[in-house]
Amino acid sequence: MKTILAIHTGGTISMSQNEKGEVVPNNENPIAKEQVILKGQINLITDNLFNLPSPHITPQIMLTLKKRIMKAIVQGVDGVVITHGTDTLEETAYFLDLTLPNTIPVVLTGAMRSSNEVGSDGLYNFQNAISIASAHESYGKGVLVAMNDEIHTARFVTKTHTTNVDTFRTPTFGPIGIVTQHKAKYFQELIQTEVCDIDQVVGGVYLLKAYAGMSGDLFSALDNEKTHGIVIEGLGAGNVPPQTLAAIQQLLDHHIPIVLVSRCYNGVAQEIYDYAGGGIQLERMGLILCQGLNGQKARIKLLVALSDDKKGAELRRFVSNAVS
Ligand code: ASP
C-alpha cells in the first residue's frame with residue numbers, strides 16, 4: 001500500500017465563508033480529515049504544517065516546506081500532496097521544483113471557492129491531487145499543480161483569473177495532463193530540471209514591471225547593499241523605456257544581477273530589437289535574458305540560484321535557461 005503525505009499550508013481550500021459572506025481562515029482545516037478517494041488503498045498521513053493565506057507565504061516558509069518533504073522522502077513516503085492558497089501557489093510550486101530531487105510525485109493544489117460555498121472545488125481538487133500523487137505515471141514529472149481536472153508543471157503554470165475555478169493555465173504549452181474519473185492521464189513529457197539542494201534563502205531579490213514612460217527612479221531606489229538581485233518584467237519581446245537605462249547600468253556596475261523576462265502573458269524575452277532600451281542593447285549591457293518564465297517564477301529562480309551561491313557565468317547559465 002502506498003503512503004501519501006498530505007501537507008496543509010492554508011489558503012481558500014481550508015477557509016469558510018461566514019454569515020457576512022466574508023471568506024475567513026478556520027482553526028480546524030475542514031478538508032484535513034477528508035479522504036474519500038482511494039480509502040483503504042493508500043495510507044494517507046496528514047500534516048497541518050501551516051494555516052496561512054498564501055500572500056503570507058515567504059521563501060523562508062517555502063524552505064521549511066522543502067525540508068519537511070526531504071524528511072518524508074528519506075522516511076520512504078511514495079508521494080506528497082500540498083494544499084496551498086492559490087495566490088502564490090505557482091511560486092511555492094516552482095521553488096520546490098527547483099530544490100527537491102525528482103524522485104517521488106509532489107502535487108500542489110488549492111481551491112477558488114472556500115469549503116462551505118456552493119460549488120466548492122477544494123475537496124474535489126484535493127482528491128484529484130491524492131490520486132495523481134499515488135499514480136505510477138506521475139513519477140519523474142517534477143513538481144505538479146493539479147486544479148480543475150488539469151495537471152500542469154510547476155515551471156510554467158500561472159494563475160490567470162481572480163475568481164474562476166479554471167484559473168491555472170500554462171500559457172505557452174498547455175497542461176501536461178488531465179484528470180478524468182480521478183485518474184491521471186499524461187500527454188506531454190517534462191523537459192529536464194536542474195535541482196539546487198539549498199538549505200538557506202537570501203533576501204533582497206526584487207521584481208519590477210516596466211511600463212510606458214517608466215523612469216529610473218525605482219531602479220535607483222534599489223541601488224543599495226541590501227539588493228542581491230532584480231528581475232525586470234520588460235515590454236514585449238524584452239525591451240525597456242530608455243529613461244531607465246542609466247539607473248540599470250548603475251546597478252550592473254555595482255554587480256547586482258538583473259534578469260529580464262517579458263510582461264506579456266505568452267512568449268519569451270529575446271534579443272530582437274536594436275534601439276535604445278531594446279533587447280539587444282540590454283543583453284550587451286549584461287542583463288540575463290530568461291526565456292519562458294514569468295516575472296514571479298524568474299524571481300524564484302534567481303533567488304534559488306543566489307541562495308545556492310551561484311555567481312557570474314554559472315548564475316547566467318542557470319537562470320537564463322528555463323528548460324533545464
Ligand atoms: N487569497 C487566497 C490565498 O491565496 C486565494 C486562494 O487560496 O484561492 O490564500
Side-chain angles (χ1 to χ4, degrees), residues 6-34 46-66 68-69 80-97 106-130 132-133 143-171 175 179 201 207 209 265 293-297 299-300 303:
I7 305 176
H8 299 289
T9 71
T12 299
I13 192 164
S14 55
M15 297 183 192
S16 303
Q17 205 171 42
N18 65 19
E19 329 62 66
K20 289 188 271 176
E22 302 157 341
V23 177
V24 290
N26 286 302
N27 290 335
E28 289 244 323
N29 185 343
I31 70 151
K33 357 179 227 323
E34 305 272 8
T46 300
D47 184 348
N48 290 297
L49 190 58
F50 301 111
N51 188 12
L52 295 169
S54 76
H56 298 201
I57 299 280
T58 62
Q60 199 57 51
I61 289 171
M62 296 175 197
L63 184 67
T64 304
L65 199 48
K66 180 245 177 192
R68 175 68 185 92
I69 297 167
V80 177
V81 169
I82 301 160
T83 66
H84 196 289
T86 60
D87 291 352
T88 63
L89 187 149
E90 64 190 88
E91 283 154 272
T92 299
Y94 191 47
F95 180 94
L96 296 175
D97 192 57
V106 175
V107 186
L108 281 89
T109 194
M112 297 304 289
R113 300 183 186 131
S114 68
S115 59
N116 61 348
E117 285 177 60
V118 174
S120 172
D121 51 334
L123 183 55
Y124 185 86
N125 286 334
F126 181 51
Q127 296 206 20
N128 272 352
I130 291 172
I132 294 166
V143 172
L144 298 168
V145 172
M147 292 282 292
N148 202 38
D149 281 341
E150 290 184 346
I151 311 170
H152 297 261
T153 62
R155 195 177 311 172
F156 296 118
V157 70
T158 191
K159 184 175 181 178
T160 65
H161 196 288
T162 51
T163 52
N164 195 307
V165 293
D166 188 21
T167 182
F168 280 92
R169 298 271 169 88
T170 297
V179 185
V201 283
L207 172 60
K209 187 177 199 132
Y265 168 70
L293 295 181
N294 65 24
Q296 56 271 30
K297 299 271 177 84
R299 177 182 171 272
I300 292 290
L303 186 147

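In each ligand, atom 1 is the first atom listed, and ligand 1 is the first ligand listed. None of these values were measured; they are calculated from a predicted model. Scope of the values below: all heavy atoms of this structure, side chains included, with no hydrogens, waters or symmetry mates.
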Give the atom numbers and elements of ligand 1 that come within less than 4.0 Å of a heavy atom of Thr12. 2 (C), 5 (C), 6 (C), 7 (O), 8 (O)
Of the protein's non-hydrogen atoms, which lies at the shortest distance from atom 9 (O) of ligand 1, and what is that distance? Ser54 N, 2.8 Å
Can you tell if the side chain of Lys66 reaches within under 4.5 Å of the side chain of Phe95, non-hydrogen atoms only? yes
N or O contact, Asp87 vs ligand 1, cut-off under 3.5 Å: yes
Report, in ascending order of atom number, the atoms of ligand 1 lying under 4.0 Å from any heavy atom of Gly11. 7 (O), 9 (O)
Within a 6.0 Å radius of atom CD on Glu22, are there more than 12 heavy atoms belonging to other residues, nucleotides or ligands? yes
Can a side-chain donor-acceptor contact be found between Ser115 and Ser120 if the only test is distance below 3.5 angstrom? no
Glu117 versus Ser114, side-chain donor and acceptor atoms under 3.5 Å: yes
For Phe126, what residues pass the ring-ring contact (aromatic ring centres under 6.0 Å, His included) criterion, not counting sequence neighbours? His8
Could you say whether the N/O atoms of His84 and ligand 1 ever approach to under 3.5 Å? no
Tell me whether Leu52 has any N or O atom under 3.5 angstrom from an N or O of ligand 1. no
Mind checking whether Ala111 has a heavy atom under 4.0 Å from ligand 1? yes
Flag, side chain of Glu90 to backbone of Lys159, donor-acceptor distance under 3.5 Å: yes
What protein heavy atom sits nearest atom 8 (O) of ligand 1, and how far off is it? Thr86 OG1, 2.5 Å
